[in-house]
Chemist: 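One structure follows; several queries about it will come next.
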Amino acid sequence: MSLSHYLQTGIYLFAFLCVLFIPFPFIFFPFQETYTQFLFGDLIQVIAPIVGIEQVHSGISSDTTSLYILVLLLLILSAGLSVLFESSKRWEFHRGSILILLRKVFSYYLALQLLKYGVDKIFKAQFYLPEPNILYTPFGQLSKDILYWSTIGTSYLYNVITGCVEVLAALFVLFQRARVVGLLLSIGIMIHIVAINIGFDISVKLYSCFLLLLALIALSPQVSLFYQFFILQKPAALTVEASPFLFPHQAIIQRTLKLFIVGLFFLEAFYPYRQSKTFNDDLVARPFLHGAYQVQTTSRDSVMQNPFSSIKRFFIHRNGYIIFQDQADQTKDFKLQIDSTTHVFVLTDYTMHQTQIRYEYNKQDSLLTLHYKIQDKLYIIQGRALNWKSLPALKDEIHWTIESN
Amino acid sequence: MNTKFILAGIFACIGVFANGQTKLIAHKSHSGSTETFETALKNDFFDLESSNFGEVPFHKRPKHILDSVVFVSDTITVLVCSNKSNSPGNQSEKYAITLSNHPIVSKKHSKKKIKTFLQEEYNFQNSLDSVPFIEYKESTTKLPKNKKKEGSFSLISQNPNQTPFDNSKLLLVGLVGVFAVLAAFISLKWKQLRFWN
């Protein structure tokens, strides 16, 4: 056996093991995390100190050290399996068919991810409308990842278009006849995503590189033909791969299986939206008191006496947080629980310390007043709701000419 | 009927729909700092555990329990709820949802009808059979049957901590299976017909 065979088998097995064990949060297949944790969880904790990592987060999620260690383990495992398989005569006999089947698996997995991420974009759920606290934070103070996420979140049109392109690529990949076009499109999309994730330091670097690898593997049989056609400018015909050996003579079973898998993919992608009846996240009603508040008055004590006198604005986040912004634009966030029956905010900090603040809300004047007691002394912060939706960043305007700006 | 909903309480935490984001972006979206991210990640604080891979988290949501239903007046009803998440930051949050002039949740309807509606619309985790209805006395004025729901608002869209194969999901998978068989059969027959013609 040649070295290239070992290498090819190793790469295919590595990609397949990643498909199996990278714990992606699927709705209809939520078992990956459980069995990956069961099989590799302890091993990751043991290996981490050996490779010089002292503390590892127990959960395996995107771009965590544990995910990198998992991928390293899968790489070692696939190298071992590659040597084992390549020395087997049975493998040699079935090798071609198995690699075709694996390419099909990779194409389908890639299509599922493109479909899911594409639908998320179309329904404006991935890059959501920036929260008021982000909109009122100076540009330079935001890190690149939240800055990118928020910027993309301001344009509905861009999200819909990029989402449609991803869905289109997924559909092309799912159908044999259009697969090569779909894979070419997918490679373009994935290169762009990898560039964004690395360039803007978004923590989905490893997973996006993996999806790019899948697209490259699935397209690999056509590479020599592209070279012949585009570079040597000689006529070339695309390779038509024979169906793998699953039910080769039972067309009805094969077709049913394919339709069933494609149906499940659509279910996986659309189910959350059908359930929540939400098809544009920008228009979803925001929770009670959500928004930005400009501080009008605080208690008339000096700064030394009143710890809140430097607060410029405060924000209620849609996921249940309250954020205070001071004159120097420094922010402090707390988990927020609102008891509307007793008009009390319960603020929890990162040490799990809880503080109760009484609130009053005057709907007519959009005034939210917070009453905070420290050692029997009452402090008051009164904030007026800001019309954050009218900020220039959220105006969906298109100017075809510079004069119309 | 002019139906007006006053939504109070922290239904911010209920979240009709969670957004796609990474753990770091989820944390930064509420102005969380790098220092506090370490703490939040280590302890799976707040809603951090549900964010991953930049995808829309869906099945990891906290449990929402309906503790009681208080009928304050003929037009106002308060749902007293709690959120029993395993996440340390979300432990046993109490909150209330005030419904005003609700077409279903009022004294005009039977307990059974109200409970069925609440279970379907809000998808609470607990059995509503034992949930107390405080100050509830069925009104003699009944609304006509089959009246269309007005302004209904789904707060929780799916049961987050049930086993992955709850009945509705199984049914959907089954339907996809039936569709696949039928579509495969029809497409093959169609192909055969075209071949013979």
Side-chain angles (χ1 to χ4, degrees), chain A residues 24-25 27-28 30-31 57 59 61-63 116-117 120 125-126 128 131 133-134 137 143 145-146 149 202-204 207 251-252 255-257 259-260 263-264 267 271-272 275-278 281 284-285 287-288 290 316-321 323 331 333 335-341 348 350 352, chain B residues 7-13 15-17 19-26 28-32 36 39-42 44-47 49 52-60 78 80 88-90 93-96 98 153-154 157-158 164 169 172-173 176-177 179-181 183-185 187-188:
Chain A
F24 192 85
I27 299 164
F28 282 85
F31 314 109
H57 177 53
S61 60
S62 188
D63 281 4
K116 260 181 94 72
Y117 280 100
D120 289 347
Q126 189 185 19
Y128 48 87
E131 280 295 306
N133 56 302
I134 295 296
T137 303
S143 53
D145 52 355
I146 188 74
W149 215 264
I202 293 167
S203 44
V204 201
Y207 194 68
I252 183 84
R255 200 162 285 208
T256 304
L257 195 64
L259 285 166
F260 182 62
L264 285 183
L267 204 58
Y271 183 75
Q275 285 296 99
S276 61
K277 299 177 184 80
T278 303
D281 185 62
V284 170
F288 182 54
H290 173 263
I316 310 278
H317 189 279
R318 70 185 292 195
N319 291 343
Y321 291 90
I323 301 116
T331 51
D333 60 318
K335 180 73 182 167
L336 174 68
Q337 303 158 41
I338 305 174
D339 189 335
S340 61
T341 48
T348 312
Y350 288 89
M352 303 311 289
Chain B
L7 281 172
I10 54 156
F11 77 89
C13 302
V16 177
F17 191 74
N19 294 110
Q21 52 196 342
T22 66
K23 285 184 191 295
L24 206 51
I25 288 171
K28 287 176 183 175
S29 90
H30 51 80
S31 304
T36 53
T39 317
L41 185 68
K42 275 177 197 160
D44 265 345
F45 274 3
F46 311 141
D47 57 350
E49 62 174 325
N52 206 347
F53 293 106
E55 243 288 325
V56 178
F58 191 64
H59 61 278
K60 280 188 177 178
V78 176
V80 182
N90 282 332
E93 293 167 347
K94 286 269 180 192
Y95 59 94
T98 308
F153 195 99
S154 175
S157 53
Q158 72 115 243
K169 280 188 194 165
L172 283 169
V173 172
V176 169
F179 161 78
V181 173
F185 183 76
S187 70
L188 279 177

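Each chain gets a letter, A, B and so on, in the order the sequences are listed, and its residues count up from 1.
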Chemist: Which pair of heavy atoms, one from B:Ile25 and one from A:Trp149, lies closest together, and at what distance?
Modeler: CD1-CE3, 3.1 Å
Chemist: For the residue pair A:Ala251 and B:Leu188, what are the closest heavy atoms and their distance?
Modeler: C-CD1, 4.0 Å
Chemist: With a 4.5 angstrom heavy-atom cut-off, is it the side chain or the backbone of A:Ile252 that approaches chain B, or both, or neither?
Modeler: both
Chemist: Any side-chain heavy-atom pair from A:Phe260 and B:Val181 closer than 4.5 angstrom?
Modeler: no
Chemist: Please evaluate residues A:Ser203 and B:Lys23 with respect to the criterion side-chain hydrogen bond (donor to acceptor under 3.5 Å, both in side chains), reporting the C-alpha separation (whole Å), side-chain torsions for both, the decisive distance (0.1 Å), and the verdict.
Modeler: CA-CA 8 Å; A:Ser203 44; B:Lys23 285 184 191 295; over 6 Å; no
Chemist: Give the minimum heavy-atom separation between B:Lys169 and A:Ile27, together with the two atoms involved.
Modeler: NZ-O, 3.7 Å
Chemist: Tell me the closest heavy-atom pair linking A:Ser62 and B:Phe53, and the distance in Å.
Modeler: CB-N, 3.5 Å
Chemist: Taking the side chain as every heavy atom from C-beta outward, state whether A:Asp63 and B:Thr22 have any atom pair closer than 4.5 Å.
Modeler: no
Chemist: At their closest point, which heavy atom of A:Leu259 faces which heavy atom of B:Ala184, and how far apart are they?
Modeler: CD1-N, 3.4 Å
Chemist: Hey, are the side chains of A:Arg255 and B:Phe185 touching, using non-hydrogen atoms and a 4.5 Å cut-off?
Modeler: no
Chemist: Looking at B:Leu24, is its backbone amide N or carbonyl O close enough to the side chain of A:Asp145 to form a donor-acceptor pair, meaning the two atoms are under 3.5 Å apart?
Modeler: no
Chemist: Do you know which two heavy atoms are closest between A:Asp333 and B:Ser31, and how far apart they sit?
Modeler: OD1-O, 3.8 Å
Chemist: Evaluate the side-chain proximity of B:His30 to A:Asn319: yes if any heavy-atom separation is below 4.5 Å, no if none is.
Modeler: no
Chemist: Would you say that A:Tyr128 contacts B:Ser29 through its side chain, given a criterion of any heavy-atom pair below 4.5 Å between the two side chains?
Modeler: yes
Chemist: Which bit of A:Leu267 is near chain B, if near means a heavy-atom gap under 4.5 Å: side chain, backbone, both or neither?
Modeler: side chain
Chemist: Chain B heavy atoms under 4.5 Å from A:Ile202: which part of the residue, side chain, backbone, both or neither?
Modeler: side chain
